[in-house]
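This report concerns only the one structure given below.
Order of listing sets the numbers, starting from 1, for every ligand and every atom in it. Since the model is a prediction, treat every value here as computed from it, not as a measurement.
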Amino acid sequence: MRIDKLLANMGYGTRKEVKTLLKGGNVRINGNPEKSPKTHVNPDEDLVTVMGEEVEYREYIYLMMNKPGDLISATEDAHDPTVIDILQPEDQVFDPFPVGRLDKDTEGLLLITNDGQLNHRLTSPKKDVGKTYFAVIDGKVTEEDVRKFSEGVTLDDGYQTKPGKLVILESDDVSEIELTITEGKFHQVKRMFEAVDKKVTYLKRVMIGELGLDEDLDLGEYRELTDEEIDYLMGITNLEQ
Ligand code: URA
């Protein structure tokens, strides 16, 4: 890979700015000053430094965010701030995007990456990856609802959902539940409850597969996934290609 591309990818500026950086003698490859933007480096083997600081090259970024209920899960939006807008510039240079969509008012676990393949696998209904939501419901959720969800319900547009696992945490005029579904139809959880004449008043995603939202993350905070978490996600989506 050309040194100017590597440095631009890693957020050291535009290709033009990187050229100036190189010309100024600020970049070394394996200890040797390098001025040509055309020089090739092997990111796995060569040690690149800028002003003495090591450049850690990597292609992919994997983030877990506790999404607040006022951001759009998209890369850009004409009206509202997005989950990408609140990332640090050093993370934005990777051009990441959210994995699937949470509604603007939905909080909780959102993965953000630039790994298109993982995104595809996690959002593919074929892979059957469970997404678990905590919700507050206006209305008394009953064992009858549990049974209906376990068979799949019919949404307002006639779509028959796959079975969902509904767990009642609190059943009263206002109920609290956990629901695990393997699909991601538009407003799916809200519409599943509408199908049983109830209304979701608060929604938070708490798990993707067995990967839980890090409780240490406040709303709007995020962190990188650990290697174990990345391996886990690769593993659960890799079962039958
Ligand atoms: N189901 C919904 O209704 N909204 C979300 O944001 C996610 C699942």
**Taking atom 1 (N) of ligand 1 as the reference point, the nearest protein heavy atom with its distance** = V189 N, 3.0 Å
**Item:** Residue-ligand contact F186/ligand 1, heavy atom below 4.0 Å
**Value:** no
**Message:** Looking at R223 and D216, is there a salt bridge between them, counting it only when a charged N and a carboxylate O are closer than 4.0 Å?
**Reply:** no
**Nearest neighbour in protein (non-hydrogen) for atom 4 (N) of ligand 1** = D103 OD2, 2.7 Å
**Prompt:** Is NZ or CZ of K204 both nearer than 6.0 Å to the six-membered ring centre of Y133 and within 45° of the ring axis?
**Reply:** no
**Prompt:** Which atoms from ligand 1 have a heavy atom of T106 less than 4.0 Å away?
**Reply:** 4 (N), 5 (C), 6 (O)
**Flag, side chain of D145 to backbone of T142, donor-acceptor distance under 3.5 Å** = yes
**Message:** List ligand 1 atoms under 4.0 Å from Y133, heavy atoms only on the residue side.
**Reply:** 7 (C), 8 (C)
**Request:** Name all residues meeting the side-chain contact (heavy atoms from CB on, under 4.5 Å) criterion together with P163; count only those two or more places apart in sequence or in a different chain, and write none if there are none.
**Result:** none
**Message:** Under the rule for side-chain contact (heavy atoms from CB on, under 4.5 Å), what residues qualify as partners of D105, not counting sequence neighbours?
**Reply:** D103, K190
**Message:** If we set the cut-off at 4.0 Å for heavy atoms, which region of L203 has an atom near ligand 1: side chain, backbone, both, or neither?
**Reply:** side chain
**Prompt:** Do any nitrogen or oxygen atoms of R101 lie less than 3.5 angstrom from nitrogen or oxygen atoms of ligand 1?
**Reply:** no
**Message:** With a 6.0 Å cut-off on the ring centroids, do F193 and F149 count as close?
**Reply:** yes
